[in-house]
Amino acid sequence: MSTLVAASAGNVLVWIVWVVAVFSCLGSGIAVITFSNPFYSALALIGNLGSLAVMYLLLSAEFVAAAQVLVYAGAVVVMFLFVIAYVGPRRETPWSGGPSWQTVGAVGAAGALLVEIVVAVGMQANGSLHSDGRVGAAFGTPAWVGRVFLIDHLLAFEITSVVLLIAAVGGVILGSHTRRTA
Amino acid sequence: MSEPWWISIIKAVVIVNIVLGLFAYLTLIERKVMGRMQLRYGPNRAGPYGLLQPIADLVKLVRKEAFAPSSAIELPYILAPIVSAFTAIAAFAFIPWGPGWTVHGWRINGEVANVSIGLIAIFALGSIGIYGFIVGGWASESKYSILGSMRTCAQLVSYEVSLALSVLGVVILGRSLNLPEIVARQGSWLPYAAPEFIGLVVFFFGGIAETSRAPFDLPEAEQELVAGYHTEYSGMRWGLFQMAEYINLITLSGLMVTLFFSGWHGPWDIGPIWFVLKTMAVLFVFIWLRTTLPRLRYDQLMRFGWKILLPVATVNAVVTALLVVAF
Amino acid sequence: MLGPDVAWYVAVAAVLFGIGALGVLIRRNTLVVLLSLELMLNAGNLALIALSRHWHNGSGQIFALAVMAVAASEVCVGLGLVVALNRRRLSLDVDTLSELRG
Amino acid sequence: MTGGAWLCLLAPLGGTSLITLCGTRIPRVAAAWIATTSVFVAFGGAVWAFVSLRSQNGHRGEFTTAWTWLESGNFHAGLQLFVDPLSTVMMLIVSGVGGLIVLYSIGYMDGDDEERRYFAYISFFVFSMLLLVEGGNLLLLLAGWGLVGLSSYLLIGFWHERPSAVEAAKKAFVMNAFGDATMALAFFILIAHTHSLSFVSGFGVGLSPTAVNLVALGLLGGAAAKSAQIPLQTWLPDAMEGPTPVSALIHAATMVTAGVYLIARTHFIFEQARTVELIAAGTGALTLLVAGLIALVQVDIKRVIAYSTMSQIGYMFLGAGVGAYSSGMFHLMTHAFFKALLFMTAGLAIHALAGEQDIRNMRGLGRLMPFTKWCFLAGALALVGIPPFSGFFSKDSIVASTAALGTWYGWIFWVCGIAGAFLTGLYTFRLWFLVFPGEPSPFVREHHHKHHGREGAWTMLVPVGVLAVLATVGGWLQWSPQWHPFSDWLEPAARTLAVAAPTNTQEYYTSVATVLAGLAGIAVAWAIYSERKLAIPAAPFWRRTLEHKFWFDELYDAVFYKPTAAFAAALRREFEEPVVLQTGPDLGRTTLETGGFVRRIQTGLLRTYVLFLAAGAAGVVLAFLIAK
C-alpha cells in the first residue's frame, strides 16, 4: 500500500515536472522564432534545450541528456552567441509589411505538417504507444550507450566522426582570413 | 545504499555553506599569500591576522549601490551573475569528499549526488556557467564588456575540449564516469597522477584557462579591458561573478584531487580531511602561479590551446586506450 | 512508466517540429533560420528518444547522438558561412542572398 | 620440389615486371638479358622440381597452394600448383626450349626499336605458359590459357605498324577466344556437377554420359583452337607475321601444343567420352593430311613450317585421341626440339637475306651458310622421321598405336599417318631442295650479308646448335619396342590406354612403313625440285584449292563475316542514321527548352525552396495517412 502511495506520489511529481518542461520547451521554442533580436532567440534556445534535457531524463536517457547539455548548450549555442555578438546587432522586423503569400504558405505548410503528425500519433496512441513500466537499470547509462554505439552501431559512429571532421575542415576554410578571390 | 531524501537536503545545505565559506576565506588566503610572496603583509586590519576581512568585504559589497548602465538590457544583466554562481555551486554536488558513513542506521553518502554521469554533469554545468559570462558582458552594452565576454567565450570553448580530453585517460583507467567509483579504484590501486601524468598536466593547464586564472587571465586583463565582462557590474552582482570564479576554482581543484590524487584516500582514515588538505594544496599552486608568471598574449593563448594542448591530450587518450587494451 | 505515455512526448515533438519549421519558413535572418533548424532537429531527437524508451532499444539514443553531431557540424559550417558573409559586408537576409538563381 | 615449381613459375613474371618497371632507364641489351636470365632461372627451377620428383618413390604428384584464390559457395579454387610427371615434363620443355629461343631473340631482335617491349612480352609469355602447365586446377589452367592467348596476340602484332600483323593478331585472338568460350562452358558444366576443378586423381568421374560428352567436346574445342586443328586452324599461318623467334617458341614449340597437354591432363574425362576422344583423333588425322597438302604449295618459308607444325600437332592429337598419351607427349617434346630448330634456321636465313621469306628467291643459300644448312638438314630429317633422328621414335609409336586399335577406323588412322609421313617428306625436302643446295641464285648473291663475319650473332648460333643436337639425339630417350623410360615416367599422370598399346610386331612394320613413306617423299621431292626429272602434276583445280588452303578463309568469310557485316550495315542504314542520329539534336533541343522553363522556378530565394520542401513533406505524410 505504502509503495503504491509512493509510486503515485512519484507519478504526480513526474507529471508536474513534465508539464513544466513541456511548457518551457514549447514556450521557448515559440520565443526562438518570434524574438526580433537573434541574441534573444539564441538565449531562448538554451531554455528549450534545457527543458528537452529534462524530458530526456524523464525518459531515462541520462547520457543523452548530459550530452545534450554539454554539446548543444555548451558548444553549439555558445558558438551562436559568439557569432551573433561578432556580427553585431542587426535587428530585423520580421512581422512588418503584412502577410505575404510566403508567410501564408509557410504557416499553412507548417500547420499542415503539425496537424498530420498529431493525427498520425493520435491514430497510434490508443494502444501501441502505451509503454510498460520498467526498463533495465543500465538503460541510458554511459556504459550501455557506449556498448550499443561502439558495437552495434560502429559504422554510424565512424561516419559521424568523418562528418564532424569534414565540417571542422569546412569551418576552418570558411573562416580563414586568406582571401584568394576577392 | 540509498539515503533518505531529507539527509540529502541537509547535506546539500551544509556543503553549500562550507563551499561558500571556503570561497570567502580563499580570497583572504590568496591576498595573504600573494602579499607574502611580494614581501607585503596583505590584509591585516580586520580581526586578528585579518581573519575578519572576508566579512568586511561582504558587508561592503552588500551595502554598495548596485547601479547598472542605462543602456543595459535588464533581465539578462541581472540573471547572468546568478546563473554563473548557481552553476558553480551546483557542480560541487557531484564531487565525493568521503567514504560515506552509517549513523544510527541512516546511510550518509560521501557526496551530495551519486549519478552515473557525474563527470559529464560537472562539465555540462561548467559549460552552462559560461553563459553567465557571455550574457553578462553582452547585456552590459559596453565595448569592454563585449570584448571581454567574447574573449571568455573563445577561450573557454577552446580549452574545454582539451580539458575534457585530458580526463579521458582517467575515465578509461577508472572504467566509469561516476566519480565515487573512480576514487574507489584509485584507493585500491594508486593515484592516477602517476599513470596519467600527462593527462594531469593537460588538465592543470586547461583548468587554469577554464577558471581564467593567471597566466591565462586574458578575459579580465585589466590593462586591456578594464575588467572584462564584469566591467559594468558593481556591488553584490559583481560579487556573485567573483564568487562564481572562485567556486569554479575550488570545484576544479576538488575535481583534480578526485580524478588524479585519489580523492579522500590517504594513509590515515580521515576521509574528508584528506580531501580538504589536498584541495587546499592544489589551490595554493594556483595562487602561486598567479604571483609568478606573466600573462600570455591572446594569439599565444589560442595557439597553445589548439596546437599543443589539444594534440597532447588526444595522443594521451589514445595511448592510454591502447595500453589498457594491450594489458 | 511514470508520467505521461510516450505518445505525449511524440506529440510535443510534433509541435516543436512545427514551430521550428515555421521559423525556418518565415524568418529571414540567417542566424534565426539556423536556430529554428536546431529546434527541428531537437524535435526529431525528442521523438527518437521517446520511441527508444518505448521499444527499450538503444538505437534511438544512438541516432539522437548522431543527430547532435550532425547538428554541431551544420552549425560549424553555417556559422562559418555567416562569418564569411559578414566579412564581405553582405546582408544576412536570406531573401537578398539569391545569387544562385537560375 | 614445390619450391622449384614456384621458382619456375615466378622467375619469368619477375623478369617481365623488372623490364616493365625499369622502362627506358635500362639499355636494351639489359632488358634482353633480364628476360633470358629469368627464363633460364625458370629452367633451373624446373630441373629442381624434376630431380626432386624423380627421387620420390611411390605416389608422384603434389599440390601446393599459396592461398584460396576464388571462393563461392562450396566451390573453392586455390592459387595452386600441381607438380607431377606430366607438368614437370612440360615445365622442362617450356622453360628449356623457351630459354634457348629467348637467347636466340637477343641476336634476332638486335636493333629493333622496341626490343624492351618484345622481351617483356616474351618472358610474360613464358610465365603464362608455365602457369598453364603448372596450374593445379582447371581454373588456373584457363587463366594461363587466356594469358598465353593474350601474349600470343601481343607478339603476333608486335610489329604493330604493319597492318597485316595487326590483322593476324586479331584473327588469332578471335579464333582462340572461340576455343576459350567452349572451354569455359565445359568448366561451368563441371562445376555444376562436381563443384570442383581441381586435378585430384580421377576428377570428373561420375558425370552423366551427356554431361561428360559435353565437357569433353568443350575441352576439345579449346584444344583445337589453341593447337590450330581443323576447323579452327586458319589463324596459325597468319600468325607468322610475328618475329621468327615468336613463331619458333609460341607457334611451334610450346603454346600450340597446349591442346595436347590439355587432353593428356584431362584424360579422365576423355576416356569416359570415347566418342569425343575419337573425334579428336579424327580431327588430328584430317588436320595432318590437310596441312601437309597445303604445305606443298606454300612459297613463304615460315608458312611452310607453320603448316608442318599443324600437321605434326595433328599427329599428337591422333596419338592422344587414340589413348597413347605418352606417345603424344613424347612427340610434343621432340617436335619442340626440331620445329624450333627449323624455325630458327629459317630465321637465320631470313636474317641473312634482309627479311626475304619467299623460297623461290633463295636457291643455293647452303653454300653461303653451311652451319645453317646442316642444322636445317638435321631438323628436316627429324621432322620426316628418318632414323636415328628424333622424329622417327616419337612419330612411329603414334602411328603404331593406331594400328593397335585394330578397328576399321584404326586402320584409316594408320593409313592417314603413313600418308602424312609421305607428305612430310615431300614438303620438307621441297623446302630443302629449293633453298639450300646448288649454286646461289642472283637474288641471294645480291642480298646476302654476314653478321659479324659469321652466319649470325653467337646468341643465335648457340641455341641453333644446341637444338640441332637435341633434334638428333632427343628421340633416343625412348624406342617403344625396346625401352620406354619416358612412358614409364608419365605412367602415373597419363597411362596409355590398353587398346592403344601396340605389340612389337605392329611397331616394327609401322616403322618400316613410315620410314619408307618418308623416304619416298624425299625421293619425289628430289626428283621434282632438284633434278627436274618429274614435272609438277598439272591439276589447276587442286593447285588452286591448295593455294587457297581449301578455302577455309573464304568459307568463314562467307558464313560468318559477310552476313554479320551486312546486318551491321543494315542496322546503321535503317536504324542508326535515321533514328539515333536524328534523336540526339532533338533531345538536346528539348532539354534546353525544358531547362529554360524550369530555370524560372529557381528563384534563389531560400525560403521559397524550403516552403516547397515543407509542402512536399506535408503531401507525402498526407498520402501515407490516407493509405493507412
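Quick caveat: nothing in here was measured; it's all calculated off a predicted structure. In what follows, every chain begins at residue 1, and chains take the letters A, B, ... in the order their sequences are listed.
In terms of heavy-atom pairs under 4.5 Å with chain A, the best-connected choice from V83(C), V70(C), L16(C) is L16(C). Heavy-atom pairs under 4.5 Å with chain C peak, among A168(A), G170(A), G29(A), A112(A), at G29(A). Heavy-atom pairs under 4.5 Å with chain A peak, among V12(C), I62(C), L25(C), at I62(C). Chain C forms more heavy-atom pairs under 4.5 Å with one residue of M79(A), R147(A), M55(A) than with any other, namely M55(A). Between chain A and the options A13(C), G78(C), A14(C), heavy-atom pairs under 4.5 Å are most frequent for A14(C). Of all the listed residues (V22(A), V77(A), V163(A), L52(A)), the one sharing the greatest number of non-hydrogen pairs under 4.5 Å with chain C is L52(A). Highest contact tally toward chain C, considering only I16(A), V71(A), V19(A), N48(A), is held by N48(A) [criterion: heavy-atom pairs under 4.5 Å]. Among the candidates A21(C), G23(C), A11(C), the residue making the largest number of heavy-atom pairs closer than 4.5 Å to chain A is G23(C). With respect to chain C, the highest number of heavy-atom pairs below 4.5 Å among F63(A), W144(A), Y56(A) belongs to Y56(A).
Interface residue V83(A): only side-chain heavy atoms are found under 4.5 Å from chain C. L45(A) touches chain C through its side chain: at least one heavy atom from C-beta onward sits under 4.5 Å away, while N, CA, C and O do not. Interface remark: L165(A) contributes no atoms to any contact with chain C (heavy atom separation under 4.5 Å). Heavy atoms of A44(A) lying under 4.5 Å from chain C are absent altogether. With a 4.5 angstrom heavy-atom cutoff, L31(C) touches chain A via backbone and side-chain atoms both. Only the side chain of V75(C) comes within less than 4.5 Å of a heavy atom of chain A; its backbone N, CA, C and O stay farther away. Interface remark: L113(A) contributes side-chain atoms only to the contact with chain C (heavy atom separation under 4.5 Å). Using a 4.5 Å cut-off between heavy atoms, A75(A) does not touch chain C at all.
Side-chain atoms of L43(A) and L81(A), non-hydrogen and from C-beta on, do get closer than 4.5 Å to each other. Using a 4.5 Å cut-off on side-chain heavy atoms (C-beta onward), L58(A) and Y9(C) make contact.
In this structure, the side chain of S51(A) engages the main chain of G47(A) through a donor-acceptor pair within 3.5 Å.
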With a cut-off of 3.5 Å and sequence neighbours excluded, list every side-chain donor-acceptor pair involving residues 35-42 of chain C.
residue	atom	partner	partner atom	Å
S36(C)	OG	V32(C)	O	2.9
E38(C)	OE1	Y72(A)	OH	3.2
N42(C)	OD1	Q68(A)	NE2	3.2
N42(C)	ND2	E38(C)	O	3.0

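At a heavy-atom separation below 4.5 angstrom, chain C is approached by H153(A), T160(A) within residues 153-162 of chain A.
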